[in-house]
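Below you'll find the structure, written out as structure tokens, and then a few comments.
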Amino acid sequence: MAKFRQVSHVIFDMDGVILDTEPLYTKAVQNIISKYNKTLTWEVKAEMMGLHRVEASKYIVDKLELPMTWEEYDIGVHKEYQVVLANPNVFPGTQRLVRHLSKHNIPISVATSSSLESFELKSAQHKDLFKLFDHIVCGSTDPDVKQGKPAPDIFLVSAARFPTKPNPEKCLVFEDSPNGVQAAISAGMQVIMIPDENIPTELRKGASFVVSSVDETPLEKFGLPPLK
């Protein structure tokens with residue numbers, strides 16, 4: 001028990017934590033790069049996860065040596081996103097936990113690297129769930145988020161927007177990506193990681209706790225009401 005701090009606020013990443021979008025992102029990217037006989041490996045994907053849109057586009061064009069500018073790639077992949085990301089599924093375990101925390105009046109927020117436009121596209125069919133959150137921070141278009149993950153900006157901004165403005169150490173973050181985990185740690189927050197099975201063990205070590213489903217989190221260790 002001593003290794004965990006008691007928290008009062010909870011911050012959720014969206015892609016791969018609330019919404020099952022990561023396979024859809026992979027499909028959209030692969031639709032673009034397959035034209036150049038390239039494959040999105042897990043090594044490359046793990047490095048991209050959690051990055052701002054511009055940073056992700058620059059990274060993949062450089063890493064895969066695509067014969068295009070990052071702007072051209074960004075336009076193309078954005079069109080693919082409009083098709084594949086229109087109605088992603090919510091992870092059942094996350095829905096259960098979000099409703100549990102809301103019922104117990106625990107302040108909760110979303111901190112996603114997505115743009116506001118992308119967030120609205122992906123969340124359109126799940127408005128009832130997202131209404132439970134105190135606020136949403138969309139890192140790619142929020143002027144207060146100066147740097148994307150693994151920088152801590154998005155989580156510090158999210159904490160500051162709660163009415164009670166908790167200290168970072170009073171916030172618990174849920175993340176699936178190594179970049180997101182590092183961002184939470186850099187912000188001074190504890191972080192629960194829900195990694196894809198393909199993410200290597202060494203990229204999970206910084207997390208406070210690792211689970212396969214959000215609702216497996218031992219909430220009581222962090223001073224939160226346990227799930228029944």
Side-chain angles (χ1 to χ4, degrees), residues 12-85 88-89 91 93-94 111-115 118 122 139-140 145 147-155 173-187 189-214 216:
F12 290 82
D13 177 37
M14 182 172 70
D15 294 301
V17 175
I18 300 174
L19 300 179
D20 189 11
T21 52
E22 289 304 337
L24 304 179
Y25 274 111
T26 299
K27 179 180 179 181
V29 172
Q30 191 59 53
N31 285 346
I32 298 292
I33 67 176
S34 60
K35 301 170 187 175
Y36 307 101
N37 297 315
K38 304 288 186 178
T39 301
L40 183 63
T41 66
W42 259 100
E43 177 188 6
V44 174
K45 183 175 174 65
E47 290 292 331
M48 287 176 59
M49 291 172 71
L51 296 179
H52 276 188
R53 173 177 163 180
V54 170
E55 293 168 343
S57 293
K58 289 180 177 179
Y59 175 81
I60 197 166
V61 168
D62 180 62
K63 185 72 174 180
L64 299 184
E65 300 179 337
L66 298 177
M68 60 175 68
T69 65
W70 74 263
E71 291 95 340
E72 290 170 334
Y73 168 83
D74 189 68
I75 291 171
V77 81
H78 184 63
K79 289 179 180 178
E80 292 288 340
Y81 290 160
Q82 299 301 306
V83 177
V84 303
L85 292 171
N89 293 322
F91 287 108
T94 305
T112 173
S113 295
S114 298
S115 65
S118 178
K122 290 178 283 190
S140 288
V145 181
Q147 298 184 81
K149 302 171 186 178
D153 301 34
I154 192 167
F155 292 126
V173 173
F174 284 90
E175 261 288 355
D176 67 314
S177 73
N179 282 324
V181 169
Q182 185 55 56
I185 294 170
S186 296
M189 301 176 182
Q190 296 174 104
V191 55
I192 305 297
M193 189 180 195
I194 315 95
D196 185 279
E197 61 183 10
N198 293 288
I199 292 180
T201 302
E202 60 267 22
L203 295 181
R204 310 179 185 193
K205 291 180 179 178
S208 307
F209 210 90
V210 177
V211 295
S212 58
S213 177
V214 167
E216 296 174 358

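Hydrogens, waters and symmetry mates play no part in the numbers below; they use all other heavy atoms, side chains included.
Atom NZ in Lys35 sits 11.0 Å away from atom CD1 in Ile33 (nearest 0.5 Å). Between atom CD1 of residue Ile75 and atom OG of residue Ser57 there is a gap of 10.0 Å, rounded to the nearest 0.5 Å. Note that CG of Leu19 is 9.5 Å distant from CG of Asp13, once rounded to the nearest 0.5 Å. Annotation: the span from Glu71 atom CD to Lys58 atom NZ amounts to 7.5 Å, rounded to 0.5 Å. Put simply, CG on Asp15 and CG on Leu24 are 9.5 Å apart, with the number rounded to the nearest 0.5 Å. Taking OG1 of Thr112 as the start and CD1 of Ile154 as the end, the distance is 6.0 Å to the nearest 0.5 Å.
One N or O on the side chain of Arg204 and one on the backbone of Ile199 form a donor-acceptor pair closer than 3.5 Å. In terms of modelled atom types and a separation under 3.5 Å, the side chain of Asp20 and the main chain of Asn89 share no donor-acceptor contact. Without hydrogens or angle criteria, Ser115 side chain to Ser118 main chain gives a donor-acceptor distance under 3.5 Å. Judged by distance alone, with hydrogens and angles left aside, the side-chain atoms of Thr94 form a donor-acceptor pair with the main-chain N or O of Val17 at under 3.5 Å. In this structure, Ser208 contributes its side chain and Ile192 its backbone to no donor-acceptor pair below 3.5 Å.
No side-chain heavy atom of Val191 sits under 4.5 Å from any side-chain heavy atom of Phe155. By the 4.5 Å heavy-atom criterion applied to side chains, Pro67 and Tyr36 are counted as neighbours. The shortest side-chain heavy-atom distance between Val54 and Asp74 does not fall under the 4.5 Å cut-off.
Here the closest heavy-atom approach between residue Gly93 and residue Ser213 is recorded as CA-OG, 3.9 Å. Between Lys38 and Leu66, the shortest heavy-atom distance links the atoms CG-CD2, 3.8 Å. Between Pro88 and Thr21 the shortest heavy-atom distance is CB-CG2, 3.6 Å. Taking every heavy atom of both residues into account, Ala207 and Met193 meet most closely at CB-CB, 3.6 Å.
By the neighbour-count criterion of 12 heavy atoms within 6.0 Å, atom CD of Glu202 is densely surrounded, having more than that number from other residues, nucleotides or ligands.
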Which pairs of donor and acceptor atoms, one on a side chain in residues 173-184, lie under 3.5 Å apart (sequence neighbours left out)?
unit_1	atom_1	unit_2	atom_2	d
Glu175	OE1	Ser177	N	3.4
Glu175	OE1	Ser177	OG	3.4
Glu175	OE2	Lys149	NZ	2.6
Ser177	OG	Gly180	N	2.9
Asn179	ND2	Glu47	O	2.9
Asn179	ND2	Met49	O	2.9
Gln182	NE2	Ser186	OG	3.1

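Sorted by first and then second residue, the pairs that involve residues 55-82 and meet ring-ring contact (aromatic ring centres under 6.0 Å, His included), not counting sequence neighbours, are Tyr25-Tyr81.
A donor atom on one side chain and an acceptor atom on the other are found under 3.5 Å apart for Lys45 and Thr26.
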### Message
With side-chain contact (heavy atoms from CB on, under 4.5 Å) as the criterion, how do Phe91 and Ile194 come out once you've worked through the C-alpha distance, each side chain's angles and the decisive distance to 0.1 Å?
### Response
CA-CA 11 Å; Phe91 287 108; Ile194 315 95; over 6 Å; no

